[in-house]
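If you read the sequence from its start, that first residue is 1, and numbering goes on from there.
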Amino acid sequence: MKAAEEAVELIRPLKLRCSVQNYDWGRSGQESTVGRLFARNSGKVIETGKPYAEFWMGTHQSGPSFVELGRPEDFPVTLKSWVEENPSVLGEKVVNRWGKDLPFLFKILSVSKTLSIQAHPDKELASFLHKTRPEIYKDSNHKPEMAIALSEFKALCGFVSVKELKEVLTSVPEILELVGQENASKVMSIRELDGHEEVRAILQCIFTQLMTASKEDVSEVENKLTSRLAVEQKIRVLTEKEELVLLLHEQYPSDVGVISAFFFNYVTLSPGEALYIPANEPHAYVSGECIECMATSDNVVRAGLTPKYRDVQTLCSMLTYKHDFPEILHEVYLNPYIRRYTPPFDEFEVDGCLLPPGKSVALFDLAGPSILLVFSGEGGLQIGTGSSTEKASEGDVFFVPAETGISINAGADRPLQLYRAGVNSKFFH
């Protein structure tokens, strides 16, 4: 693209057509926020009964976004290729750090069925896995991520405290048949003063023993456990974790991930609360809908609750084995209409904007590139100064170049709700 043409493109919002993933754990048809947004973004009809799991906005090759340049002969052009041809839209500091690509990937998730027990590798491990098994691990980047609840959102995340794990080994005797009395005794003997590495080694040993148990043993123990819980729920109220185990048993019978749920924290986010997940931390989303943002990667190491490839030894060896409840991240209001979620990762942050009917707001000049999603409502969007206002309605997605001001106004009839993903503002300070 010539410089003059490029300049013309940059004085208006750059509209994107985005990709959808129809994984079987997604919500179906009209029940899926992902389906609703994809239909509005693409102009396609939602198919009843078809799962709509993830709506991807970014440059990753597994779910690319396409640029609408306003000229039919230019379509389809991927956002990735357009950014590579016009790296100035990223800003010099971003290019110097991450090259000619967006460092973040923006998603909406609609979860109906529990996702796999998984972790995402750090950069060193990601590079090794991509080099040795590129057919499975598609890129060499790490994948720290953040989930912001749109509805009540449930997830397994990180290992429970040693105190809780001791209670599990006492109250769920079936687990001992898979992990062995020797490993259980080592956990029971952990003291508060023991060092992290010593505790880590014990936790790694017992978790690996569980995850590598034979399918026959897992099936036998799981059936024994769930049969006991089915009887006991008639005479007492089951714990949340016990109820989850019965649900997972229905979704993934004879899967070691069902029993391993006892080892993880069970987190419930209220709408607006967020959870960030660093590299090498185990997690599994259980139900609900969320905004998700992450470093640009699709590397996933799985070990349970999935029909997909399992890399159990890699997962068990890569985990940090930190054992405390994950931090719940809350928004910080920048003004009455805009709130920000800032995780401890350079690659991304997320803003939420809720504008009452007829109101307008200006975002400060953003040092890095952004992607804007119109989640609901309609209004107008203006990038820079002197450009015309472009209509913005539900399902629209826009790319915003670095160091560009944005003005947003809501229509007269209903509120306008948007989400913005961008490079973490702390990176530029």
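Put simply, CD1 on I371 and CZ on F398 are 12.5 Å apart, with the number rounded to the nearest 0.5 Å. To the nearest 0.5 Å, atom CG of residue N409 and atom CG of residue L355 are 8.0 Å apart. Atom-to-atom distance recorded for F348:CZ and M294:CE is 7.5 Å, nearest 0.5 angstrom.
Taking D255 as the reference, R310 meet the side-chain hydrogen bond (donor to acceptor under 3.5 Å, both in side chains) condition, with sequence neighbours excluded. For P356, the side-chain contact (heavy atoms from CB on, under 4.5 Å) partners two or more places apart in sequence, or in a different chain, are Y337, K359. Taking the side-chain hydrogen bond (donor to acceptor under 3.5 Å, both in side chains) definition, one finds that Q251 meets it with T114, sequence neighbours left out. Partners of R420 under the side-chain hydrogen bond (donor to acceptor under 3.5 Å, both in side chains) rule, at least two apart in sequence or in another chain, are E349, D351, S370. With sequence neighbours left out, S81 forms a side-chain hydrogen bond (donor to acceptor under 3.5 Å, both in side chains) with T78. By the salt bridge (charged side-chain N to carboxylate O under 4.0 Å, His left out) test, E378 pairs with no residue at all, sequence neighbours left out.
F264 and F207 have their aromatic ring centers within a separation under 6.0 angstrom. When ring centroids are compared, F153 and Y285 come within the 6.0 Å threshold.
In this structure a side-chain-to-backbone donor-acceptor pair under 3.5 Å is present from S65 to G58.
Smallest separation of non-hydrogen atoms from M211 and C316: CB-SG, 3.9 Å. When all heavy atoms are compared, the tightest approach of N265 to D324 is ND2-O, 3.1 Å. Listed here is the closest heavy atom pair of G272 and I148: O-CG2, 4.3 Å.
Donor-acceptor pairing under 3.5 Å is lacking for the side chains of N141 and N299. For the 3.5 Å distance criterion, the side chains of T268 and E152 fail to qualify, holding no donor opposite an acceptor. If you check the side chains of S297 and D139, you find a donor sitting under 3.5 Å from an acceptor.
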